[in-house]
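The structure displayed is predicted, hence computed values, not measured ones. If you read the sequence from its start, that first residue is 1, and numbering goes on from there.
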Amino acid sequence: KLFAVAVINIDRFKYINDTFGPAFGDHILKIAAERISGALRKGDMIACLGGDEFGIVFVDIRRSEDTARIFEKIKKDFLEPIRFKDEEIMVELSAGVSFYPNDGKSADELIKNANIGLNKAKKLGGNTIQFYTLEMNKRVSELAQMERLLFKAMKENEFQVHYQPYWDINTKKTVGMEALIRWNSKELGSVPPSRFIPVLEETKMIMDVGAWVLRESCRQVKEWVDKGYKAVPVSVNLSLVQFKQRDLAEMITETLKGSGIEPGLITLEITESALMQDTEFTRNVLNKLKGAGFSISIDDFGTGYSSLSHLKKLPVDNLKIDISFIREIANDPDTASIVTAIIGMAHTMNLRTIAEGVETEEQWKILRLLRCDLAQGFYYSKPVSAGEVEKFLK
């Protein structure tokens with residue numbers, strides 16, 4: 001398994017020791033050891049390597065960036081000054097990190113490379129973490145910048161909701177639409193969702209942003225209804241992080257009550273892979289939402305390996321066939337066979353099918369022959385602003 005070795009050093013320790021005396025220095029080492037230990041996870045190991053240097057082994061690291069997050073947690077614990085007798089002082093830390101097996105396969109090599117990272121951190125002024133590899137430093141730096149800008153975007157209302165219509169495969173009439181978040185950053189310009197949504201999920205900011213998308217979608221639907229347009233349902237995506245919220249069903253229900261629209265005008269989408277995480281919990285949440293009047297769609301269907309036994313127990317209305325199948329449907333007979341099977345299975349279970357990513361007339365004609373119910377994609381419309389949607393509603 002991937003694990004990390006970190007070497008952590010107290011910034012300006014020699015100055016502190018010389019200025020306040022060795023007794024104060026020893027006290028700082030003791031408090032530092034307690035605070036660092038308290039921020040670690042179960043199973044992580046910490047030791048004193050000598051002087052003011054601590055070594056940590058982060059076991060079973062799933063993502064390289066996890067070590068940076070733990071270091072940030074440690075830094076927060078040092079925001080409180082350390083007191084000794086009548087003196088108090090703010091203490092900051094620097095850290096270097098290496099990873100097994102990429103940065104070394106022996107203890108000596110890993111510690112040596114972590115120290116190279118530590119030296120880089122010191123040269124940058126301290127109070128930071130640096131990785132042995134340049135590529136990893138760049139990734140962590142980009143993640144930190146993106147996290148900062150996303151937090152700013154939430155405060156300064158930089159997000160927008162665009163809507164992509166989906167249409168009846170036979171009549172080509174708009175029968176619904178999907179709400180899609182867009183970010184026009186003051187610093188970065190237009191940022192593609194593939195770049196910022198994973199960061200929202202990783203930092204858990206998706207819970208606040210996702211709740212905002214739901215509120216904004218409900219508000220917009222109410223505005224369209226008040227203008228006299230024929231109401232069509234709007235699909236709102238729920239990420240795996242959101243779906244793990246214990247009060248998710250209650251939050252969604254309360255949001256809808258405050259909006260003044262019927263629950264039938266909101267469809268909730270969750271990916272097939274997310275459904276498979278905890279099937280019992282998933283079923284309970286979906287039953288609550290279905291009981292409250294919402295429609296349920298399984299997004300990216302065909303990629304998550306869900307079993308029919310699980311699928312038939314879930315209160316689902318629509319299967320959205322993953323874009324990877326639609327992209328190849330005109331060129332690959334095996335892909336066309338898979339789509340045929342999905343549509344046939346869905347109809348047997350009284351579910352509607354929605355084809356994602358329909359971009360050509362040829363794809364649309366094949367899906368119509370295969371008796372797919374609905375389609376969504378650039379062939380009909382790209383995601384557009386709320387104002388442009390009104391052209392479709394007219």
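- When only modelled atom types and interatomic distance are considered, Asn237 and Gln242 share no side-chain donor-acceptor pair under 3.5 Å.
- We find the CD-CZ distance between Glu80 and Arg83 to be 6.0 Å, quoted to the nearest 0.5 Å.
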Next item on the list: Evaluate the criterion salt bridge (charged side-chain N to carboxylate O under 4.0 Å, His left out) for residue pair Glu254 and Lys257; output intermediate values, then yes/no.
Entry: CA-CA 5 Å; Glu254 286 302 312; Lys257 282 181 182 177; 3.7 Å; yes
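- Partners of Lys73 by side chain to side chain donor-acceptor pair (under 3.5 Å), not counting sequence neighbours: none found.
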Margin query: For Ser217 and Gln220: C-alpha separation, side-chain torsions, deciding distance, then whether side chain to side chain donor-acceptor pair (under 3.5 Å) applies.
Written below: CA-CA 5 Å; Ser217 299; Gln220 187 59 66; over 6 Å; no
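- Using cut-offs of 30° and 60° on the angle between ring planes, the pair His27 and Phe84 is tilted.
- Between Asp300 atom CG and Ser324 atom OG the span is 8.5 Å, to the nearest 0.5 Å.
- How far CG of Asn113 is from OH of Tyr100: 14.0 Å, rounded to the nearest 0.5 Å.
- Among all heavy-atom pairs drawn from Val225 and Ala231, the shortest one is CG2-CB, 4.0 Å.
- In this structure, Phe99 and Thr67 have side chains that are in contact, with non-hydrogen atoms separated by less than 4.5 Å.
- Cation-pi geometry between Lys172 and Trp364 is met: under 6.0 angstrom from the ring centre, within 45 degrees of the axis.
- When all heavy atoms of Ile129 and Ala68 are compared, the pair lying nearest together is CD1-CA, 4.2 Å.
- The OG atom of Ser37 lies 11.0 Å from the CG atom of Asp77; values are rounded to the nearest 0.5 Å.
- Put simply, the side chain of Glu356 never gets that close to the backbone of Gly377: no donor and acceptor are under 3.5 Å apart.
- No hydrogens or angles considered: a donor-acceptor pair under 3.5 Å links the side chains of Tyr229 and Glu390.
- Residues passing the side chain to side chain donor-acceptor pair (under 3.5 Å) test with Ser295, sequence neighbours excluded: none.
- Other residues, nucleotides and ligands contribute over 12 non-hydrogen atoms within 6.0 Å of the NZ atom of Lys227.
- Residues that satisfy the ring pair (Phe, Tyr, Trp, His ring centres under 6.0 Å) test with Tyr166, not counting sequence neighbours, are absent from this structure.
- Looking at Gln363 and Tyr379, their side chains never come closer than 4.5 Å, going by heavy atoms from C-beta outward.
- When all heavy atoms of Ala39 and Ile70 are compared, the pair lying nearest together is O-CG2, 3.9 Å.
- Linking Ile, Leu, Val, Met, Phe, Trp and Tyr residues whenever their side-chain heavy atoms come within less than 4.5 Å leaves Leu49 and Ile36 in two separate clusters.
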Note to self: Determine whether Glu216 and Arg219 satisfy the following criterion, salt bridge (charged side-chain N to carboxylate O under 4.0 Å, His left out), listing intermediate values before the conclusion.
What the structure shows: CA-CA 5 Å; Glu216 177 61 19; Arg219 184 202 65 75; 2.7 Å; yes
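- Contacts of Pro192 classified as side-chain contact (heavy atoms from CB on, under 4.5 Å), with partners at least two apart in sequence or in another chain: Ser194, Arg195.
- Remark: Arg352 pairs with Asn318 by the side chain to side chain donor-acceptor pair (under 3.5 Å) rule, at least two apart or across chains.
- Within a 6.0 Å sphere centred on NZ of Lys75, other residues, nucleotides and ligands contribute more than 12 heavy atoms.
- Looking at heavy atoms from C-beta onward, Glu280 lies in side-chain contact with Arg283 at the 4.5 angstrom threshold.
- Placement of Val57 and Ile61 in two distinct hydrophobic clusters is found when ILVMFWY residues are connected by side-chain heavy-atom separations under 4.5 Å, directly or transitively.
- Atoms CD1 and CD, from Ile354 and Glu269 in turn, are 6.5 Å apart once rounded to the nearest 0.5 Å.
- The side-chain heavy atoms of Val175 and Val232, taken from C-beta on, include no pair separated by under 4.5 Å.
- At a threshold of 4.5 Å between non-hydrogen side-chain atoms, the residues Arg327 and Glu359 do not count as touching.
- In this structure a side-chain-to-backbone donor-acceptor pair under 3.5 Å is missing from Ser235 to Glu178.
- Side-chain N or O atoms of Arg41 include none that pairs as donor or acceptor with a backbone N or O of Phe58 at under 3.5 Å.
- In this view, Arg215 and Ala211, Trp212, Thr255 satisfy the side-chain contact (heavy atoms from CB on, under 4.5 Å) rule, not counting sequence neighbours.
- Remark: the Thr253 side chain and the Glu250 side chain contain no N/O donor-acceptor pair separated by less than 3.5 Å.
- Counting only N and O atoms by type, the side chains of Thr353 and Asp373 include a donor and acceptor under 3.5 Å apart.
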What donor-acceptor contacts under 3.5 angstrom involve side-chain atoms of residues 335-346, with partners at least two apart or in another chain?
from	atom 1	to	atom 2	distance (Å)
Thr335	OG1	Asp332	OD2	2.9
Ser337	OG	Pro333	O	3.0
Thr340	OG1	Ala336	O	2.7

Acceptor/donor pairs from residues 258-268 side chains to any protein atom, 3.5 angstrom cut, sequence neighbours excluded:
from	atom 1	to	atom 2	distance (Å)
Ser259	OG	Leu256	O	2.7
Ser259	OG	Ile261	N	3.4

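- Applying the side-chain contact (heavy atoms from CB on, under 4.5 Å) criterion to Ser106, with sequence neighbours excluded, gives Asp108, Glu109.
- Between Leu93 and Asp11 there is no side-chain heavy-atom pair separated by less than 4.5 Å.
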Next item on the list: Take Lys30 and Asp26, measure what salt bridge (charged side-chain N to carboxylate O under 4.0 Å, His left out) needs, and give me the verdict at the end.
Entry: CA-CA 6 Å; Lys30 179 182 176 184; Asp26 288 346; over 6 Å; no
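- One N or O on the side chain of Thr171 and one on the backbone of Lys173 form a donor-acceptor pair closer than 3.5 Å.
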Please list every donor-acceptor pair under 3.5 Å in which a side-chain atom of residues 148-162 meets a protein atom from a residue at least two apart or in another chain.
from	atom 1	to	atom 2	distance (Å)
Lys152	NZ	Glu187	OE2	3.0
Glu156	OE1	Lys186	NZ	3.0
Glu158	OE1	Trp183	NE1	2.9

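- Between Glu53 and Ile8 there is no side-chain heavy-atom pair separated by less than 4.5 Å.
- For Ile28, the side-chain contact (heavy atoms from CB on, under 4.5 Å) partners two or more places apart in sequence, or in a different chain, are Ile10, Phe13, Ile16, Phe24, Ile82, Ile89, Val91.
- Cation-pi contact between Arg35 and Phe78: present, with separation from the ring centre below 6.0 Å and deviation from the ring axis of at most 45°.
- Under the rule for a ring pair (Phe, Tyr, Trp, His ring centres under 6.0 Å), the partners of Tyr380 that lie at least two apart in sequence or sit in another chain are Trp167, Phe392.
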Next item on the list: Assess whether salt bridge (charged side-chain N to carboxylate O under 4.0 Å, His left out) is satisfied between Arg368 and Glu361, documenting all intermediate values.
Entry: CA-CA 10 Å; Arg368 187 175 59 171; Glu361 186 167 1; over 6 Å; no
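- In this structure, the separation between CD1 on Ile296 and CD1 on Ile270 is 9.0 Å, given to the nearest 0.5 Å.
- You'll find the side chain of Lys290 stays beyond 4.5 Å of the side chain of Val316, heavy atoms only.
- A donor-acceptor pair shorter than 3.5 Å can be found between the side chains of Gln376 and Lys320.
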